[in-house]
Amino acid sequence: MHNVQLACRSCGEVRLKGVLTLGQLPLANRLLTHDELGSVEPSYPLDLVLCPACSLVQITETVPPEMLFRNYAYFSSFSDGMLRHARQLAAQVIASQKLRPTSLVIEVASNDGYLLQTYRSAGVPVLGIEPARNIAKVAEERGIRTIAEFFGAELAQQLSAAGEHADVIHAHNVLAHVPDVNGFVEGFKLLLKPTGVVVVEAPYVKDLIDHVEFDTIYHEHIFYYSLTALDALFARHSLLIYDVERVPIHGGSLRIFAAHAGEGERTP
């Protein structure tokens, strides 16, 4: 039900350096039913390694995303802080990108529409992509057009062929979760308009180290990003990170702004 990764998932380097071993642990956020309480709960190794070639910190085990995310317990709209964070960011992006009713904002891992609802209220068309079917259903009920699938290059190609091209692509607290991170970022490239922008937030590995946030290391979080690792990943897919901010969400995160390389000077 899982497999050990022997090479960097981003650049392919095989000389991975051990950082921390936390032993065998059950899956976080897996809430047991009453009938399961008497059974042995499955557990998986949790080992953290560093890629010396591209500086990406990652765990070595890959638990299938279907096990982790098809039915998910976390709804972003339950957090007042998350809603404030989303409203402030949407207002910033609407102004900087001059979004209008002919624009399109796509969010990958859009949860219950907590962010896209702000764009929709401002008259900007939106599309959510959310693999948790229980959560996608809630977003649809709120009027947020949502595709209940995992995002990657294949889905991006299908959407592009159908004429879906984004002025803005959001991906918040999801880039750490996807095993095929190259296919994920390639999907950004395929869906993004020539003048579009990708906005990504991911927990910052420096904050993890500085604040000893070992409790943020678990099987859902495959990657722990630095700007160096993100820059190498996006450059591999001809996307240029042109601005970065540090934000306090999720124990300390990086917010990056990226665009197609060679498309001229950008402002955040």
Could I get the full list of side-chain hydrogen bond (donor to acceptor under 3.5 Å, both in side chains) partners for Q88, not counting sequence neighbours? none
Is the backbone N or O of I144 less than 3.5 Å from a side-chain atom of R120, with the two atoms forming a donor-acceptor pair by type? no
Could you state whether F151 and L192 fall into the same hydrophobic cluster, counting links through intermediate Ile, Leu, Val, Met, Phe, Trp or Tyr residues with side-chain heavy atoms under 4.5 angstrom apart? yes
Pair up each side-chain donor or acceptor in residues 166-174 with any protein partner under 3.5 Å, not counting sequence neighbours, and list the distances.
unit_1 : atom_1 : unit_2 : atom_2 : d
D167   : OD1    : L104   : N      : 2.8
D167   : OD1    : K193   : NZ     : 2.8
D167   : OD2    : K193   : NZ     : 3.4
H170   : ND1    : H172   : NE2    : 2.8
H170   : NE2    : Y119   : OH     : 2.7
H172   : ND1    : E201   : OE1    : 3.2

Going by salt bridge (charged side-chain N to carboxylate O under 4.0 Å, His left out), name the residues that satisfy it together with R236, two or more places apart in sequence or in a different chain. none
What's the shortest heavy-atom distance between T195 and Q97, and which atoms? O-OE1, 4.4 Å
Can a cation-pi geometry be assigned to R9 and F223, taking NZ or CZ under 6.0 Å from the six-membered ring centre and within 45° of the ring axis? yes
Tell me, do H260 and S238 make a side-chain contact under 4.5 Å, heavy atoms counted? no
Between I94 and A122, what is the shortest heavy-atom contact and its length? CD1-CB, 3.8 Å
D210 meets the salt bridge (charged side-chain N to carboxylate O under 4.0 Å, His left out) criterion, sequence neighbours left out, with K206
Before you tell me yes or no, could you show the steps for Y204 and E213 under side chain to side chain donor-acceptor pair (under 3.5 Å), namely the whole-Å CA-CA distance, both residues' side-chain angles and the distance that decides it to 0.1 Å? CA-CA 11 Å; Y204 187 21; E213 296 170 351; over 6 Å; no
Under a 4.5 Å cut-off applied to non-hydrogen side-chain atoms, are C51 and S10 in contact? no
Suppose we screen for salt bridge (charged side-chain N to carboxylate O under 4.0 Å, His left out). Which residues come up paired with R15, at least two apart in sequence or across chains? E13
Under a 4.5 Å cut-off applied to non-hydrogen side-chain atoms, are Y225 and L56 in contact? yes
What one should report as the nearest heavy-atom pair of P45 and H219 is O-NE2, 3.1 Å
Please report the closest heavy-atom contact between A148 and A136, naming both atoms and the distance. CB-CB, 3.8 Å
Mind checking what makes salt bridge (charged side-chain N to carboxylate O under 4.0 Å, His left out) contact with K17, not counting sequence neighbours? none
Heavy-atom closest pair (S253 atom, D207 atom, distance to 0.1 Å) is N-OD2, 4.1 Å
Where do H177 and P179 come nearest, in terms of heavy atoms and distance? O-CD, 3.6 Å
